[in-house]
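The structure under discussion appears below in the form of structure tokens.
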There are 2 protein chains.
Amino acid sequence: MPLLQEEYLQNISYDSVIFGFSGEKLKILVLEYHNMKTFALPGGFVKVNEPLDEAVKRGLSERTGLDEIYLEQFHTFGSMDRFSPAVMRKMLLEQGYDYEDHWFFGRFITVGYYALINYENVVPKPDELSDSIKWYDYDQLPKLMMDHAEIVEKALDHLRSNLDHKLLSFNLLPERFTMKELQQVYEAILGETQNRANFQRKMLSLNILERHEKLFLGGSHKAPFLYSFKK
Amino acid sequence: MPLLQEEYLQNISYDSVIFGFSGEKLKILVLEYHNMKTFALPGGFVKVNEPLDEAVKRGLSERTGLDEIYLEQFHTFGSMDRFSPAVMRKMLLEQGYDYEDHWFFGRFITVGYYALINYENVVPKPDELSDSIKWYDYDQLPKLMMDHAEIVEKALDHLRSNLDHKLLSFNLLPERFTMKELQQVYEAILGETQNRANFQRKMLSLNILERHEKLFLGGSHKAPFLYSFKK
DNA sequence: TACTATTGTTTCACAAAGAAACAATAATTC
DNA sequence: GAATTATTGTTTCTTTGTGAAACAATAGTA
């Protein structure tokens with residue numbers, strides 16, 4: 001068993017809600033445990049000599065291959081219904097490890113983080129306990145284990161209420177994007193349509209966008225500008 | 001030693017930033033450890049069978065005698081500089097406990113909560129490790145141990161940015177208060193003056209206040225209404 | 001060259017916010 | 001008991017921001 005008690009802090013874990021965006025839909029990375037039809041958020045543990053933030057970055061980087069990702073902590077979950085030793089034991093059994101008792105079966109208080117990443121840049125990798133990790137549309141998530149659905153809800157709440165302040169750190173879009181694409185991201189996250197003219201006015205007035213050459217091979221109509229976030 | 005390892009989750013603690021308000025000043029509860037000139041936020045640990053939120057409520061109630069307090073989690077701190085076994089050992093030594101090693105000396109990830117309470121209702125009680133617990137003006141805090149100053153900063157940030165949504169849950173004022181007192185609370189928290197007329201208009205338009213009889217033994221001028229929050 | 005779809009901008013109506021003036025009144029002073 | 005004073009509650013005016021619609025520009029298509 002690779003997870004040795006001595007290496008990790010006990011009773012602490014983290015779970016991450018990784019948002020991506022494709023076309024018009026907000027997506028979330030969800031993994032499935034071996035043969036169990038059990039779906040969960042990607043999470044992990046904190047090493048004894050490792051800052052919490054670093055642990056989360058490490059886990060995310062292992063799963064997505066991405067570094068330098070915008071990560072934000074949003075809430076810590078510590079209720080008693082996050083405690084189901086039987087499920088955890090079954091999970092290890094499927095992996096071929098049969099433990100009567102294991103620190104893994106204990107109670108964990110979990111720190112929730114979310115990340116915003118560019119969907120197209122990522123080929124997610126499952127870890128040793130899970131056999132798949134896939135993008136799911138936010139509105140078509142499978143039933144998640146324990147309180148993970150609540151964790152997703154709270155992550156999105158937090159993201160919605162802080163959207164404007166977080167623009168600069170966005171990784172949901174490619175380096176350069178059109179105003180329409182930016183608006184679609186907003187609409188996907190907020191779950192409601194925005195007025196086009198006012199959206200443009202607001203974004204421009206925030207003074208965080210740089211306008212570039214037009215470059216559009218699209219349809220038979222006026223070509224949009226491309227924008228990037230100011231550094 | 002009363003803190004038995006078996007009873008508590010390991011590597012996890014909480015710290016609470018307890019805001020009070022008196023006159024014009026925002027205040028915070030700070031405790032001092034025995035003979036150590038070490039100041040810290042009141043905190044504690046989570047029992048094995050206790051939800052995190054309950055643990056914090058329990059600790060707060062033990063220290064202030066208050067129940068039914070508005071408590072909000074705002075951030076979890078997990079950096080490596082929250083790890084100073086020597087200081088913790090010295091603290092226990094002062095108490096008469098000499099341990100070579102103790103789970104107390106370990107590394108803790110701490111969950112930060114803040115509370116808003118009515119300054120006048122509280123006579124704070126020190127716990128067994130501390131010899132005093134007192135109110136300090138926010139702008140005259142003593143030097144706090146480890147990262148506790150950062151915890152206070154972050155609590156206030158969080159409070160400021162969510163002030164309007166939180167009015168109903170306020171406990172900073174007595175049951176009935178004048179509009180001026182309410183404004184003073186806002187100004188103390190936000191750290192800036194508010195326009196009187198607009199403040200009144202805004203508060204009334206929120207439709208969360210109940211206006212009561214005038215009752216004022218104050219100065220030689222028009223008497224203010226008293227208000228309370230609608231239930 | 002006219003047409004079409006989409007983008008960028010402007011205009012107009014309306015709501016919200018900030019500052020100042022006005023009105024009301026409880027205690028004090030003469 | 002009338003004038004005074006300090007403070008409170010409200011109104012008015014101006015400025016700013018927001019939402020909806022109209023207008024203008026233009027890359028490709030017919």
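Only this structure's heavy atoms are used, side chains among them; waters, hydrogens and symmetry mates stay out. Protein chains get the first letters and strands the later ones, always in sequence-line order, with residue 1 at the start of each.
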Expressed as a whole number of angstroms, how long is the span from [X]:[atom1] to [N]:[atom2]?
X: F225(A); N: dT9(C); atom1: CZ; atom2: C1'; answer: 11 Å
X: H212(A); N: dG8(C); atom1: NE2; atom2: P; answer: 13 Å
X: H221(B); N: dT5(D); atom1: NE2; atom2: P; answer: 15 Å
X: Q183(B); N: dT7(D); atom1: CD; atom2: P; answer: 14 Å

Worksheet entry | Sequence-distant partners of F199(B), ring pair (Phe, Tyr, Trp, His ring centres under 6.0 Å), two or more places apart | Y186(B)

Worksheet item: If you check the K222(B) side chain, which of dT9(C), dA24(C), dT7(C) turns out closest?
Response: dA24(C)

Fill in: Straight-line distance of L173(A) CG to Y119(A) OH, nearest 0.5 Å
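Atom-to-atom, L173(A):CG and Y119(A):OH are 14.5 Å apart.
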
Fill in: Partners passing side-chain hydrogen bond (donor to acceptor under 3.5 Å, both in side chains) against R107(B) (at least two apart in sequence or in another chain)
none

Practice prompt. Tell me which residues in residues 193-202 of chain B put a heavy atom below 4.0 Å from DNA chain D, sorted by number, or none.
Written response: R196(B), A197(B), Q200(B), R201(B)

Worksheet item: Do you know the tightest heavy-atom contact between W135(A) and I18(A)?
Response: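 That closest heavy-atom pairing would be CZ3-O, 3.5 Å.
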
Worksheet item: Is it the case that R211(B) places NZ or CZ above or below the six-membered ring of Y227(B), under 6.0 angstrom from the centre and within 45 degrees of the axis?
Response: no

Worksheet item: Is a donor on one side and an acceptor on the other found under 3.5 Å between the side chain of S13(B) and the backbone of G44(B)?
Response: no

